[in-house]
Trainee: 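Encoded as structure tokens, here's the structure I'll be asking about.
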Protein chains: 2
Amino acid sequence: MRIGELAARLGVNPKTIRYYEARGLLPDPERLPSGYRDYGPEDETRLAFIKTAQRLGLSLDEIGEILAFKERGERPCSYVLSVLDAQLSDIDRRIGELVRLRAELVALKDRADQLLTGAACYCGIVEHAGRISQMTTR
Amino acid sequence: MRIGELAARLGVNPKTIRYYEARGLLPDPERLPSGYRDYGPEDETRLAFIKTAQRLGLSLDEIGEILAFKERGERPCSYVLSVLDAQLSDIDRRIGELVRLRAELVALKDRADQLLTGAACYCGIVEHAGRISQMTTR
DNA sequence: GTATGCCTTCTAGTTAGATGGAATGTCAAG
DNA sequence: CTTGACATTCCATCTAACTAGAAGGCATAC
């Protein structure tokens with residue numbers, strides 16, 4: 001598959017894919033006789049992984065380290081292990097924080113549900129609807 | 001407490017606090033006779049919330065909406081509720097993804113532990129130690 | 001009484017991550 | 001055989017979120 005199709009499947013800009021390649025996050029792809037990049041399903045998997053990890057707050061550098069490590073068949077050094085450990089405990093902390101934030105939002109919503117008796121109402125926030133919908137659909 | 005102390009407690013730059021104030025994330029604080037900003041514990045709580053939410057991937061705009069909503073005593077409109085719902089389901093999705101990523105990292109680490117028999121070893125990644133430690137200590 | 005901290009406003013630079021545009025080349029359909 | 005969608009590279013620009021510096025002035029601490 002060519003870059004446009006891969007980009008469309010994952011909902012990213014083709015430029016972003018070339019950018020990731022330049023940053024070493026994606027391997028140099030096969031090329032068609034025409035010189036076009038030719039991607040397979042494993043590239044799609046890898047790109048999806050990058051996007052997911054990114055949503056979770058990992059930087060491209062961190063994601064690159066994880067990917068490099070996944071590829072490396074050789075013996076890892078203890079330094080690499082410690083990086084991995086650090087990432088793990090970081091993730092644990094984040095899960096905890098997310099759970100707490102979730103609880104807070106739920107409480108907020110419960111309070112809101114009680115206040116809302118059914119009829120539509122007007123409030124200042126709606127005037128920002130444009131900005132908010134941009135915000136929530138990105 | 002003045003801006004410097006608040007900044008130090010939370011580990012942020014004083015400039016960042018003024019920046020948040022300018023963005024409307026923090027309320028205009030009380031002022032000392034001297035004109036200095038005077039913060040109380042509730043400001044610290046709020047700033048800590050901002051920083052946590054940010055680590056979890058929310059943008060300053062999103063955080064602002066949540067905070068504005070928390071403050072608003074009046075009846076929320078159903079639009080606001082739907083924004084809150086969207087944020088909640090987003091958070092649920094992220095928790096799930098984090099748990100999966102965690103499992104993946106654990107598997108990776110287990111494989112690594114097996115390979116590592118005890119002695120130190122050299123590997124290419126160590127040559128990037130500078131970059132990595134920058135990365136993991138940020 | 002002199003550092004050091006904070007105030008204001010303004011301007012400008014930084015980083016990460018991505019995106020846009022120009023100039024040029026390739027491919028598939030009609 | 002041309003037209004429009006896509007590809008290439010290179011360079012430049014954009015956004016979010018800071019962060020820094022300067023100018024000029026008052027405040028507080030040792």
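Just so you know, these numbers come straight off a predicted model, no measurement behind them. Letters A, B, ... are given to chains in the order of the sequence lines, protein chains preceding strands, and every chain is numbered from 1.
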Trainee: What integer distance in Å separates E30(A):CD from dT8(D):C1'?
Mentor: 18 Å
Trainee: Between dG17(C), dC6(C), dC18(D), which nucleotide has the shortest distance from any of its atoms to the side chain of I3(B)?
Mentor: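 Ranking dG17(C), dC6(C), dC18(D) by closest atom to the I3(B) side chain puts dC6(C) first.
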Trainee: Go nucleotide by nucleotide along DNA chain D from the 5' end; which of I50(B) and S34(B) gets its closest nucleotide reached first?
Mentor: I50(B)
Trainee: Can you tell me how far P of dT26(C) sits from CG of D38(A), to the nearest Å?
Mentor: 17 Å
Trainee: Round to the nearest Å and state the distance from I17(A) atom CD1 to dG17(C) atom C1'.
Mentor: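 To the nearest whole Å, that distance equals 15 Å.
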Trainee: Atom CD of E21(B) to atom P of dC6(C): distance rounded to whole Å?
Mentor: 14 Å
Trainee: Mind checking the CG-CG spacing from D38(B) to L6(B)? Nearest 0.5 Å is all I need.
Mentor: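 Between atom CG of D38(B) and atom CG of L6(B) there are 10.5 Å.
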Trainee: Compare the minimum distances between each of dG17(C), dT9(D), dG25(C) and the side chain of Y36(A), then state the nucleotide with the smallest one.
Mentor: dG25(C)
Trainee: In whole angstrom, what separates L6(A)'s CG from dA7(D)'s C1'?
Mentor: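 Whole-Å distance recorded here is 15 Å.
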Trainee: Given the rule that I, L, V, M, F, W and Y join up when any side-chain heavy atoms are under 4.5 Å apart, are F49(A) and I95(B) in one cluster?
Mentor: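 Linked within one cluster.
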Trainee: Closest to the N13(B) side chain: dC7(C), dC6(D), dT19(D)?
Mentor: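 Among dC7(C), dC6(D), dT19(D), the one nearest the side chain of N13(B) is dT19(D).
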Trainee: Which of these nucleotides, dC18(D), dA18(C), dC6(C), is closest to any side-chain atom of Y19(B)?
Mentor: dC18(D)
Trainee: Write down the distance between CD (Q54(A)) and P (dA16(D)), rounded to a whole number of angstrom.
Mentor: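 Answer to the nearest Å: 16 Å.
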Trainee: Whole angstrom is fine here: how far is it from CZ in R31(B) over to P in dC6(C)?
Mentor: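 Computing the R31(B):CZ to dC6(C):P distance gives 13 Å.
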Trainee: Can you tell whether the side chains of R9(A) and E5(A) come within less than 4.0 Å, N to carboxylate O?
Mentor: yes
Trainee: When the nearest nucleotide of DNA chain C is assigned to R2(B) and to K15(B) on a heavy-atom basis, which residue is associated with the more 5' position?
Mentor: R2(B)
Trainee: Nearest heavy atom decides the nucleotide; on that basis, is P33(A) or V12(A) closer to the 5' end of DNA chain C?
Mentor: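 Result: V12(A).
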Trainee: Start at the 5' end of DNA chain D and walk down; is the nucleotide closest to R18(A) or to T16(B) reached first?
Mentor: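 Its nearest nucleotide being more 5', the pick is R18(A).
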Trainee: Go through dT8(D), dG17(C), dA17(D) for me and flag the one nearest to the R23(A) side chain.
Mentor: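 The answer is dG17(C).
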Trainee: Do the side chain of R55(A) and the main chain of G57(B) share a donor and acceptor less than 3.5 angstrom apart?
Mentor: no
Trainee: Using a 4.0 Å heavy-atom cut-off across all strands, classify R37(B) as base, sugar-phosphate, or nothing.
Mentor: sugar-phosphate
Trainee: State, yes or no, whether a side-chain contact exists between R31(B) and R37(B) at a heavy-atom distance under 4.5 Å.
Mentor: yes
Trainee: Let me know the distance between CD of E62(B) and C1' of dT15(D), rounded to the nearest Å.
Mentor: 15 Å
Trainee: Select base, sugar-phosphate, or nothing to describe what L32(B) touches, counting heavy atoms under 4.0 Å on all strands.
Mentor: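 Here L32(B) touches no strand at all.
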